[in-house]
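Here is the naming used below: chain letters follow the sequence lines, and residue numbers restart at 1 for every chain. Both backbone and side-chain heavy atoms feed into the values below; hydrogens, waters and symmetry mates do not.
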There are 2 protein chains.
Amino acid sequence: MKKRVLISDIAKALGISVTTVSFILNDKAKEKRISEALTKRVLDYVKKVGYKPNQLAKSLRTGQTKILGLLVEDIANPFFSNVAKHIERRAYEAGYHIIYCSMDNDESKAKELIQLFIDRQVDGFIITPSEGLEETISHIKQSNIPLVLFDRFVPSVYTNYVVSDNKHGSYEATKHLLEGQNKRIGLISLYSNQTQMRDRLDGYMEAMDEFRMQSFIKKLHMETPDEEAKDQINEFVVDNKLDAVLFATNYLAVKGLKALKSCKVALPKMVAFDEHTLFKLHDPSITVVSQDIEQLTRELIHTLIAEIEGKLKEPRQLTIPCELIIRESSISL
Amino acid sequence: MKKRVLISDIAKALGISVTTVSFILNDKAKEKRISEALTKRVLDYVKKVGYKPNQLAKSLRTGQTKILGLLVEDIANPFFSNVAKHIERRAYEAGYHIIYCSMDNDESKAKELIQLFIDRQVDGFIITPSEGLEETISHIKQSNIPLVLFDRFVPSVYTNYVVSDNKHGSYEATKHLLEGQNKRIGLISLYSNQTQMRDRLDGYMEAMDEFRMQSFIKKLHMETPDEEAKDQINEFVVDNKLDAVLFATNYLAVKGLKALKSCKVALPKMVAFDEHTLFKLHDPSITVVSQDIEQLTRELIHTLIAEIEGKLKEPRQLTIPCELIIRESSISL
DNA sequence: TTGAAAGCGCTAACAC
DNA sequence: GTGTTAGCGCTTTCAA
């Protein structure tokens with residue numbers, strides 16, 4: 001294991017001072033009017049010996065870690081793991097690294113994790129705020145740590161966020177079902193005050209009201225065991241004689257499919273929120289309201305980096321359109 | 001934003017030296033025979049003011065970052081995102097954080113990433129080595145950076161790894177198909193020298209040989225566009241009049257399903273490697289060789305931390321059994 | 001038992 | 001243009 005070469009080794013070898021080397025390495029050569037020749041000599045030597053600055057020392061000195069903290073609800077959910085993948089790539093392109101974790105809807109774990117990330121001096125946070133995190137988010141905001149909320153936001157905290165236009169997506173999906181001559185359309189959602197859930201409910205309601213149809217809403221608890229959720233879903237669909245169902249999340253739709261298959265009724269028409277590998281392949285393939293992950297993550301990273309670089313005067317609050325992807329599950333054959 | 005309190009602030013406030021505070025904070029109180037009373041006084045004060053040591057300074061001094069680098073093939077693959085979730089939780093429990101990225105089968109990206117992580121002084125690596133990474137892995141090993149390979153290993157480098165018993169899993173799956181009276185059983189795999197792929201091939205062969213059956217093997221390129229892969233799979237299955245197919249990965253099976261559905265032949269019997277949300281729900285549900293993610297990740301983190309703490313004399317090379325989960329796709333109705 | 005002080009490797013204010 | 005040097009906040013050796 002060869003010894004790490006230090007900036008002082010370079011200075012010594014080239015008979016110049018560390019400052020000069022440091023300036024050159026940090027692209028301050030012309031600003032400090034260091035000669036082209038010397039600059040080149042240093043750069044060449046650096047490349048030759050393969051010098052890499054010690055990031056820790058650099059961070060300690062500058063206060064910048066070039067690390068971003070990503071906290072998602074559940075990294076194993078295909079929506080979030082896809083998002084994570086895009087975020088990681090974009091962050092990497094901008095010279096940042098991602099340290100992540102799943103909060104698993106555990107409020108105290110989430111708080112602890114955020115504190116841990118603050119202690120690690122991440123340069124910024126990307127968070128899908130789960131219930132009960134208002135204060136913590138507010139605390140980050142007050143600490144002036146750059147922050148972008150994602151997928152949902154916290155109305156009480158005026159900060160950056162990038163979310164999908166859930167309400168309109170939900171409205172379109174519901175309208176699509178209504179226009180397919182379905183009368184009895186149910187919504188299966190969660191007991192949750194999160195903005196994305198509320199917006200999806202609003203969109204559904206708006207469409208139902210517009211068509212003067214009675215709404216049927218079933219909410220489940222996040223923690224409901226699968227078996228029980230199954231029974232509740234079946235009961236909801238069968239007892240209300242629903243023609244169609246809108247699922248507020250991809251995993252609710254997955255649960256719904258499992259449930260409805262187990263009882264031998266005909267599958268109602270259905271639409272799910274968020275893509276899932278399953279949906280394209282399922283028979284019938286499942287119509288979805290798809291979030292634009294490319295655009296969401298692009299704006300997300302862009303906003304966060306702008307904030308880190310102090311280029312943001314005001315919080316940036318973006319709402320990205322969703323796309324309704326019509327497949328077999330929502331149309332009459 | 002209140003100013004961070006430093007260790008020196010504590011020392012000053014309590015009228016003692018930084019050394020003493022540091023010793024107490026690092027659980028060296030009794031070792032250094034510091035009085036209980038003082039210890040308590042310091043700890044209480046620390047809690048009161050909410051002091052958190054600066055991890056950067058600590059890391060710079062000790063050389064330990066408490067950060068682990070996780071490099072997986074593709075974080076968006078449900079197998080890997082599941083693994084990532086478990087790893088993150090276990091690392092967190094052991095006081096470590098995870099910095100991750102997807103290598104996306106891009107050799108140069110992978111190399112760069114590994115170098116970047118080394119520069120960041122991660123305490124250890126967890127890597128699913130993709131093709132062409134032998135030297136880089138060997139370089140990590142030679143640099144004495146703790147390392148555990150995962151999912152597959154690099155035969156030329158004698159280092160820790162935790163993998164599934166792919167060969168036996170594949171053997172069992174094939175045998176299961178053979179015992180179901182299928183004669184013409186094909187394997188769909190990848191052009192790849194990775195150990196897990198080789199082992200899956202070996203297991204298939206062994207079973208086929210044992211039953212004196214002719215083997216049918218189709219390999220695809222990772223980069224083959226979906227449309228083309230589809231055609232190739234259909235052709236392979238139809239032309240060879242296969243009764244059954246073993247897919248060497250979950251995403252190959254997903255491609256296979258898409259392909260076979262598009263042409264109107266009856267679905268052959270099938271088994272896939274690795275779980276996928278899709279498989280349980282698909283009609284027919286898909287039989288899989290499932291890797292034991294709980295155990296794999298437990299051993300993984302355990303091994304890595306043992307190595308970091310210098311408790312490992314010899315590389316630990318573990319092979320964890322797979323489980324064949326029989327569903328509808330492989331049995332006659 | 002406790003304290004003083006040397007550094008970990010780097011940046012940048014200040015001096016020349 | 002380039003060099004000297006004081007820290008960033010912490011751990012740990014050595015001395016008392």
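- Legend: ring-ring contact (aromatic ring centres under 6.0 Å, His included) pairs involving residues 36-83 of chain B, not counting sequence neighbours: none detected.
- Here A/K12 pairs with nothing under the salt bridge (charged side-chain N to carboxylate O under 4.0 Å, His left out) rule; sequence neighbours left out.
- For A/F153, the ring pair (Phe, Tyr, Trp, His ring centres under 6.0 Å) partners two or more places apart in sequence, or in a different chain, are A/Y161.
- The stretch residues 301-316 of chain A participates, sequence neighbours left out, in these salt bridge (charged side-chain N to carboxylate O under 4.0 Å, His left out) pairs: A/E299-A/R316, A/E309-A/K311.
- Straight-line distance from the CG atom of A/L14 to the C1' atom of D/dT2: 14 Å, rounded to whole Å.
- Axis deviation across the helix from C/dT1-D/dA16 to C/dC16-D/dG1 amounts to 40°, comparing end segments of five pairs, rounded to 10 degrees.
- Between the CG atom of B/D27 and the C1' atom of D/dT12 there is a distance of 16 Å, rounded to whole Å.
- For the OP1/OP2 pair of D/dT2 and a distance below 4.0 Å, the side-chain nitrogens and oxygens of A/T20 include no atom meeting the criterion.
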Protein N or O to nucleotides 9-11 of chain C N or O, pairs below 3.5 Å:
from, atom 1, to, atom 2, distance (Å)
C/dG9, N2, A/A57, O, 3.4
C/dC10, OP1, A/Y51, OH, 2.5
C/dC10, OP1, A/N54, N, 3.1
C/dC10, OP2, A/I7, N, 2.8
C/dT11, OP1, A/N26, OD1, 3.4
C/dT11, OP1, A/N26, ND2, 3.3
C/dT11, OP2, A/S22, OG, 3.1
C/dT11, O2, A/R61, NH1, 2.5

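- Among the heavy atoms of the strands, none lies under 4.0 Å from B/S59.
- Under the salt bridge (charged side-chain N to carboxylate O under 4.0 Å, His left out) criterion, no residue pair touches residues 131-143 of chain B, with sequence neighbours excluded.
- Atom-to-atom, CD of B/E36 to C1' of C/dT1 comes out at 14 Å; the value is rounded to the nearest Å.
- A/K40 and A/D44 are joined by a salt bridge, as a carboxylate oxygen and a charged side-chain nitrogen come within less than 4.0 angstrom of each other.
- Nucleotide C/dG3 holds its C1' atom 13 Å from the NZ atom of B/K32, rounded to whole Å.
- Protein atom NZ of B/K12 is 13 Å distant from nucleotide atom P of D/dC10, rounded to whole Å.
- Taking CG of B/L60 as the reference point, atom CG of B/L56 lies at 8.5 Å (rounded to 0.5 Å).
- Note: CG (A/D119) to P (D/dC10) measures 11 Å, nearest angstrom.
- Among residue pairs with one or both ends in residues 56-75 of chain B, those qualifying as side-chain hydrogen bond (donor to acceptor under 3.5 Å, both in side chains) are A/K85-B/D74, B/T65-B/D123, B/E73-B/R152; sequence neighbours excluded.
- Applying the salt bridge (charged side-chain N to carboxylate O under 4.0 Å, His left out) test to pairs two or more places apart or on separate chains, none has a residue in residues 20-37 of chain A.
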